[in-house]
Amino acid sequence: MELVHKTNFKIRAAEIGFGRKVTGVSLIQLMQEASMEHIIKIEATAWDKDFIETTWVLLRKEVNFYSWPGLGDTIEVITYPTGFEKIFAYRDYIILDQSQNKVATGASTWTLINKNTRKITRVPEKLTGFDASTFRDTLPRCETQLPISDQWHDMRSYLIGLYHLDWNGHVNNVYFSKFIMESEADKQKDYVPQKMITHYRQECFIDDEITVQYGKENTDKRGKYRIVRNRDGAVLVLAEIEWVRR
């Protein structure tokens, strides 16, 4: 079973944003594409017989950004599993440019849910030894707690449509990253994300109305905090972004 997956992508026009460089959202999307390629190879997708009643969902992800390739540049995405803990599966990502310089890294935590009950289920024994941490350096695990502000300010609202959904029937996690980042569209003219931590708490479905909110603790220096709520006030996603000047 191949434990480390490597794949190359050429940056396309659709992945370029303001500043004529690849966007943070696009890099997150390419990480997801690479991991999907990997689990297709090992037959661990929602289409494979051992997983026919289950599907993978992302719980937490921490991404650090280092450089910003441009149109036509080729990047290499390296991804591999870094261990399991009962219901949790861990996966790392490293993106390198054409000169093998670091573009971005990502540490993620996943779980399996039953497609019908939407409840968490244990990882199959088939993947017990699926762990590259014995011979690859691993990234620090994504933080499990994010501070929650007691003062939130509405930023942008969205109505979830069909094309926000993935094959699981809920909003794809990449769209949540997009919703959160673009809530400060004016900031992205002069800044780029340096670090983004995202925690996914609940699923979101078609026709849900959601609002991205912003809050910050004055005593905390780690960056910005956002929250996504639906019409019932339930917390769907918590995130933290640190911005730096271009």
Looking only at atom types and distance, does a side-chain atom of [X] sit under 3.5 Å from a main-chain N or O of [Y], one as donor and one as acceptor?
X	Y	value
Ser99	Asn101	no
Asn168	His170	no
Asn114	Arg118	no
Gln98	Thr74	yes
Asp232	Ala234	no
Thr111	Ile87	yes
Ser67	Lys102	yes
Tyr175	Ile160	no
Asp73	Pro69	no
Asn172	Val174	yes

Between atom [atom1] of [X] and atom [atom2] of [Y], what is the distance when rounded to the nearest 0.5 Å?
X	Y	atom1	atom2	result
Arg60	Leu146	CZ	CG	9.5 Å
Leu58	Thr109	CG	OG1	8.0 Å
Ile28	Thr198	CD1	OG1	6.0 Å
His5	Glu37	NE2	CD	4.0 Å
Glu209	Cys204	CD	SG	10.5 Å

When you compare the side chains of [X] and [Y], does any donor N or O come within less than 3.5 Å of an acceptor on the partner?
X	Y	result
Gln32	Asn173	yes
Ser183	Tyr214	no
Thr211	Arg156	no
His153	Gln213	no

*Go through the steps for Glu182 and Tyr158 under the test side-chain contact (heavy atoms from CB on, under 4.5 Å), then give the verdict.*
CA-CA 12 Å; Glu182 72 182 7; Tyr158 300 87; 2.7 Å; yes
Closest approach of [X] and [Y], non-hydrogen atoms and distance?
X	Y	answer
Trp56	Ala89	CZ3-CB, 3.8 Å
Lys10	Glu15	O-OE1, 3.9 Å
His199	Cys142	NE2-SG, 4.2 Å

_Inter- and intrachain pairs under ring pair (Phe, Tyr, Trp, His ring centres under 6.0 Å), touching residues 60-79, at least two apart_ = Phe65-Trp68
*Got a sec, which pairs hit ring pair (Phe, Tyr, Trp, His ring centres under 6.0 Å) with one end in residues 98-131, sequence neighbours left out?*
His38-Phe130
ILVMFWY network linking [X] to [Y], side-chain heavy atoms under 4.5 angstrom:
X	Y	answer
Val57	Val237	no
Met155	Phe18	no
Val63	Leu59	no

*Under the 6.0 Å and 45° cation-pi test, does Lys61 pair with Tyr200?*
no
Do the non-hydrogen side-chain atoms of [X] and [Y] ever get within less than 4.5 Å of each other?
X	Y	value
Leu3	Asp131	no
Leu236	Val171	no
Val4	Arg136	yes
Trp167	Thr55	yes
Asp92	Ser108	no
Leu96	Val103	no
Thr45	Phe51	no
Ile75	Leu30	yes

*asked:* Could you check whether Glu85 pairs with Arg141 (Lys NZ or Arg NE/NH1/NH2 to Asp/Glu carboxylate O, under 4.0 Å)?
replied: yes
*asked:* Applying ring-ring contact (aromatic ring centres under 6.0 Å, His included) to Phe179 and His164, what does each step give before you reach the verdict?
replied: CA-CA 11 Å; Phe179 295 157; His164 293 124; 5.4 Å; yes
*Pairing residues for Thr121 by the side chain to side chain contact (heavy atoms under 4.5 Å, CB included) criterion, not counting sequence neighbours*: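 Per chain and number, Thr121 pairs via side chain to side chain contact (heavy atoms under 4.5 Å, CB included) with Thr54, Leu112.
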